[in-house]
Amino acid sequence: MNMMSEPVVARSVVEFKLNGKVVTGYADETLIESAERHGVEIPRLCHKPGLRPDGNCRACVVEIKGERVLAPSCCRAPTAGMEVETASPRALGAQKMVLELLLSDMPEKDYTRDSELDDWARRLDVGKPRFAPRAQVAADLSHPGIAVNLDACIQCTRCLRACREEQVNDVIGYAFRSDQSKIVFDLDDPMGASTCVACGECVQACPTGALMPAREVGLQVPDKQVHSVCPFCGVGCQLTYQIKANKILWVEGRDGPANHERLCVKGRYGFDYVHHKQRLTKPLIRRDDAPKHADFTMDPGNPLAVFREASWDEALDLAASKLRGIRDTYGKRSLAGFGSAKGTNEEAYLFQKLVRTGFGSNNVDHCTRLCHASSVAALLEGIGSGAVSNQVNDVVNADVVMVIGANPTVNHPVAATWIKNAVKNGTRLIVADPRRGELARHATWTLQFKADTDVALLNAMMHVIVHEGLVDEAFIAARTIGYDELRRNVEGYSPEAMAPVCGVDAHTIREVARAFATSKGSMIFWGMGISQHVHGTDNARCLIALCLMTGQVGKPGSGLHPLRGQNNVQGASDSGLIPMVFPDYQFVDDARSRAKFEKLWGMPLDPQRGLTVVEIMNAALKKDIRGMYVMGENPAMSDPDLNHAREALAGLDFLLVQEIFLTETAYLADVVLPASAWPEKTGTVTNTDRMVQLGRKALDMPGEAMEDLWIIQQLANRLGQNWQYAHVSEVFNEMRLAMPSIAGITWERLEGEGSVTYPCENEGDPGQATVFIDRFPTATGRAKFVPADVIPAAERPDAQFPMVLITGRQLEHWHTGAMTRRAAVLDAIEPHPVALMHPLDIDALGARPGDVITVESRRGSIALFARADDGTPRGAVFIPFCYHEAAANLLTNAALDPFGKIPEFKYCAVRARAGGELKAASTFGAGQVLAEQQ
């Protein structure tokens with residue numbers, strides 16, 4: 001996989017005088033940037049790197065020889081021969097006057113102290129203001145995460161630019177005239193009642209305290225800062241924890257390669273779960289008088305109702321003896337392990353190594369099976385690699401971007417900002433999804449196709465491209481195989497024939513197909529709307545074929561990008577936490593690959609592919625699997641057909657769970673080991689862009705909780721291994737021996753740079769942002785077309801169950817909610833389970849938005865609140881799966897894609913009715929605690 005060298009554009013250099021000294025500047029930078037490069041600081045308030053220069057505060061004015069008026073240095077570029085004075089009497093007098101006038105309007109409140117304005121006033125020795133203050137306004141404390149103190153606002157518009165131009169959320173505006181002018185949210189609504197998505201970008205941008213963390217959190221002074229990586233989605237945003245007395249006060253975005261200081265609501269406010277009172281702090285062993293049942297109601301705040309506390313030695317000895325006994329009695333394949341995509345690469349590597357060496361089989365999997373397994377199956381089959389070809393921020397080079405089966409404004413909000421930025425700069429956006437989300441308002445084309453008809457739509461697009469001669473014949477001839485078979489297959493999929501099937505008119509299909517095929521660069525992003533179907537692999541095959549036939553891969557602004565869900569689902573998969581491959585996707589049934597790992601690990605390995613997540617559950621019900629080790633996963637909430645999954649877990653001879661909270665899965669365990677939360681350990685993660693990034697330990701663990709690596713190693717040694725890893729870097733160095741893709745990445749480089757993109761096969765390599773430039777990583781170097789035909793969902797609506805259920809995530813909550821529902825701000829924003837339905841469908845039930853409704857499938861029923869959503873099509877209901885009191889996966893179908901073995905989370909038949917009995921609300925109490933604090 002060769003690297004695409006980015007074109008180097010020579011910058012125009014100019015010479016000019018800065019404070020009497022001849023310096024060099026660039027014609028494309030501002031005077032304030034040039035001065036800073038030369039060690040000269042100029043006061044600034046409205047200026048912030050990364051935001052568009054605005055020049056409205058005038059604190060940065062400088063004197064330019066020959067010009068009548070002072071110039072704002074944030075808006076002027078250096079020119080040859082220019083003579084600039086940043087601290088002449090005239091410039092300095094103006095700077096101080098601006099600061100004094102602004103200071104005069106500042107209330108003497110705690111939140112205005114030590115602001116950027118205060119800092120510059122001290123530096124320039126500005127004394128007590130001589131001018132009368134303006135009339136004060138009341139604070140707006142309506143938002144759980146952000147305090148609005150407009151009496152401290154200097155109207156620099158940094159917040160406005162951050163909201164409208166950087167995050168492109170379009171909530172903050174500037175309204176009214178003269179002394180009545182002010183910052184507003186939407187139509188001058190209270191912030192808590194506005195459409196604010198709480199990304200917090202405005203807070204990070206504000207220089208005065210007018211916008212700051214709520215509940216006086218921002219008034220505390222941290223005693224240390226720790227740089228790390230966000231633990232939620234796959235974007236991999238770098239951040240900084242502000243810490244005092246072993247407690248995270250607040251979080252700020254860092255200038256990392258994936259986010260450039262941007263964060264979303266989860267990254268900004270989803271951190272205090274680590275301090276929650278329900279953290280597990282001691283090993284637990286199930287009491288003899290507390291038998292396991294699949295149908296249970298639990299209190300996560302009272303684990304001693306079913307467990308007793310134990311020492312680490314007792315818990316580990318018991319776990320090892322039980323697992324060893326099952327292995328020795330029933331065979332090596334009677335054990336299985338579920339690892340975690342929320343941990344580090346090193347944890348994932350050691351976990352799969354333990355299962356393969358200590359248990360003796362390949363029965364190891366993790367949540368990739370529930371999100372992008374079908375995508376990876378199609379990618380490995382078609383192009384020889386399961387990784388993305390181009391990084392998210394490569395959208396700046398794309399002419400056309402297609403987002404299909406994904407809702408990045410909810411699931412990958414920072415990635416969505418780069419897409420929205422690209423659209424503002426002229427990129428044409430195609431949004432294709434059964435539901436119309438927020439990104440659709442930025443789209444050139446919105447294809448709201450019928451659920452379950454992805455292949456029909458995509459084959460119709462390929463039909464147009466073939467019949468109108470828009471294929472890239474040279475690319476196909478030089479770099480692919482199997483095109484003729486694909487061409488013949490799409491013959492029966494004309495847009496006119498498929499329009500009534502998919503619900504998109506033929507003219508639009510043709511227009512979109514032409515745009516995609518003829519652009520200088522077309523890029524596809526997809527999510528679990530593509531993968532979580534029984535035809536998920538076929539859906540992904542069509543996307544691959546679409547790129548291959550048009551030559552839209554292996555160059556900037558093009559390619560294939562399945563947006564990874566969890567923060568380390570890419571890294572966990574790379575590290576071998578899947579049943580059919582060793583680390584770096586080396587197949588377990590390939591003799592050469594197996595011999596390599598037998599030599600590295602010093603023992604024979606199982607040549608048979610292991611079972612996947614749902615297959616393991618089925619095997620547990622049949623008693624083929626009798627013991628399990630689950631680390632940081634919650635299959636009792638995340639698996640389809642939860643009654644089935646919980647029955648399987650409850651029926652195991654022995655279940656060991658390693659967790660930070662008493663999750664639904666931990667409740668069914670025989671032994672529970674208290675583990676480390678993300679900010680409590682050091683290790684690497686790999687984001688959706690193939691960036692290996694270093695997370696650093698920021699906090700001590702509570703009570704007797706231990707780091708996950710230590711726990712895995714202790715258990716492995718009790719199962720007959722002899723591991724002696726003294727530091728996480730030693731595990732990473734072993735991974736480099738096993739994985740050619742990261743062989744060139746040293747621990748020392750990660751400590752220095754924080755992020756390195758793979759493939760990086762030799763030390764010193766820069767890493768490859770764009771891959772598949774000259775060849776694909778297949779035996780022939782060519783990619784393979786794989787035709788796909790329409791296959792219906794395993795369960796279609798009928799007279800008894802006439803609606804379609806679509807499941808997914810919410811902006812504020814992650815996966816099964818174990819972490820985010822214990823984060824105070826997140827739980828306060830979205831505290832209750834909801835079902836999103838078209839307003840007319842709610843009306844047809846005889847209900848109103850906000851009423852309780854019941855949704856039923858052939859497998860179960862749940863009661864929750866109805867929420868009107870124009871973007872959800874008639875006949876469909878969307879339910880987030882993070883609410884334990886209304887678990888969406890009680891309804892879902894466990895039917896599997898035959899290739900990726902992924903369940904059909906995105907489609908099953910349900911019915912809805914008004915009314916129902918809500919189960920007890922969340923016992924986590926995060927939002928309630930916040931409400932009491934306010």
Side-chain angles (χ1 to χ4, degrees), residues 111 114 143-147 198-201 203-204 211-233 235-256 259 261-281 342-344 414 567-568 632 660-661 674-683 685 693-703 705 707-708 754 812-814 817-829 924-927 929-930 932-934:
Y111 53 77
D114 298 317
H143 195 280
I146 301 170
C199 68
E201 204 70 41
V203 176
Q204 187 157 325
L211 294 164
M212 65 185 307
R215 305 179 316 285
E216 300 186 347
V217 168
L219 302 182
Q220 301 184 56
V221 179
D223 52 39
K224 69 174 180 178
Q225 299 179 329
V226 178
H227 300 318
S228 192
V229 185
C230 179
F232 291 106
C233 83
V235 174
C237 298
Q238 293 192 11
L239 49 75
T240 299
Y241 294 118
Q242 305 288 344
I243 298 166
K244 182 176 183 179
N246 201 46
K247 186 174 183 179
I248 300 171
L249 298 177
W250 72 88
V251 172
E252 292 179 343
R254 288 185 65 216
D255 190 17
N259 64 311
E261 297 189 359
R262 303 178 187 190
L263 293 175
C264 75
V265 62
K266 292 185 288 290
R268 187 86 60 182
Y269 299 110
F271 54 84
D272 53 330
Y273 71 92
V274 299
H275 308 302
H276 198 275
K277 62 184 179 182
Q278 292 176 357
R279 280 292 301 274
L280 297 175
T281 59
K342 298 228 72 63
T344 66
V414 172
N567 64 315
N568 198 36
I660 59 175
F661 296 112
S676 51
W678 174 250
E680 296 164 355
K681 56 193 171 188
T682 294
V685 288
Q693 304 196 99
L694 184 62
R696 297 173 175 86
K697 181 173 181 175
L699 302 171
D700 296 327
M701 286 165 288
E707 291 192 14
D708 294 81
E812 293 79 11
H813 288 304
W814 190 251
M819 292 159 58
T820 53
R821 295 197 69 197
R822 290 178 171 91
V825 171
L826 304 182
D827 193 56
I829 296 173
F924 302 158
V929 169
L930 185 143
E932 291 170 355
Q933 291 174 351
Q934 288 187 305

Problem set entry | Passing option when Trp678 is tested against Val685, Leu699, Asn568, Val274 for side chain to side chain contact (heavy atoms under 4.5 Å, CB included) | Val685
Seminar exercise, completed: All heavy atoms of Glu812 vs all of Leu826, minimum pair found to be O-CD1, 3.4 Å
Problem set entry | Nearest-0.5 Å distance that lies between atom CD in Glu201 and atom SG in Cys199 | 5.5 Å
Problem set entry | Stepwise side chain to side chain contact (heavy atoms under 4.5 Å, CB included) check, Ile146 with Leu211 | CA-CA 7 Å; Ile146 301 170; Leu211 294 164; 4.2 Å; yes
Problem set entry | Asn567 side chain near Cys233 side chain, heavy-atom distance below 4.5 Å | no
Exercise. Nearest heavy-atom pair of Ala214 and Pro144: which atoms, and what distance?
Worked result: CB-O, 3.7 Å
For this session: Identify the two heavy atoms, one from Ala198 and one from Tyr269, that lie closest to each other, and give their separation to 0.1 Å.
Result: O-CE1, 3.3 Å
For this session: Taking all non-hydrogen atoms of both residues into account, name the closest pair between Asp272 and Ala824 and its distance.
Result: OD2-N, 3.1 Å
Problem set entry | Tyr241 side chain reached by Ser228 side chain, heavy atoms, under 4.5 Å | yes
Problem set entry | Salt bridge Lys681-Asp708, side-chain N to carboxylate O under 4.0 Å | yes
Seminar exercise, completed: Distance col, row His227:NE2 vs Thr240:OG1, nearest 0.5 angstrom, shows 4.5 Å
Exercise. So, do Tyr273 and Phe661 sit near enough that their side-chain heavy atoms are less than 4.5 Å apart?
Worked result: yes
Problem set entry | Student check: side-chain heavy atoms of Thr682 and Leu694 closer than 4.5 Å | yes
Exercise. Atom CZ of Arg254 and atom CG of Leu239: how far apart are they, to the nearest 0.5 Å?
Worked result: 8.5 Å
For this session: Starting at CE of Met212, measure out to CH2 of Trp250 and round the result to the nearest 0.5 Å.
Result: 7.5 Å
For this session: Heavy atoms only: give me the nearest Gln204-Gly253 pair and the separation to one decimal.
Result: OE1-N, 2.8 Å
For this session: Inspect the contact between Arg279 and Glu680 and indicate whether a charged nitrogen and a carboxylate oxygen are less than 4.0 angstrom apart.
Result: yes
Problem set entry | CG on Asn246 to CE on Met701, rounded to 0.5 Å | 10.5 Å
What donor-acceptor contacts under 3.5 angstrom involve side-chain atoms of residues 216-226, with partners at least two apart or in another chain?
| unit_1 | atom_1 | unit_2 | atom_2 | d |
| --- | --- | --- | --- | --- |
| Asp223 | OD2 | Ala245 | N | 2.9 |
| Lys224 | NZ | Ala698 | O | 3.1 |
| Gln225 | NE2 | Gln242 | OE1 | 3.0 |

Seminar exercise, completed: The side-chain contact (heavy atoms from CB on, under 4.5 Å) partners of Cys237 (sequence neighbours excluded) come to Cys230, Val235, Asn259, Leu263, Val414
For this session: Walk me through it: do Glu252 and Arg268 pass the test salt bridge (charged side-chain N to carboxylate O under 4.0 Å, His left out)?
Result: CA-CA 7 Å; Glu252 292 179 343; Arg268 187 86 60 182; over 6 Å; no
Problem set entry | Lys697, NZ atom: more than 12 neighbouring heavy atoms under 6.0 Å | yes
Exercise. Roughly how far, to the nearest 0.5 Å, is CZ of Phe232 from OG1 of Thr820?
Worked result: 6.0 Å
Exercise. Donor-acceptor pair, His275 side chain versus Ile248 backbone, under 3.5 Å?
Worked result: yes
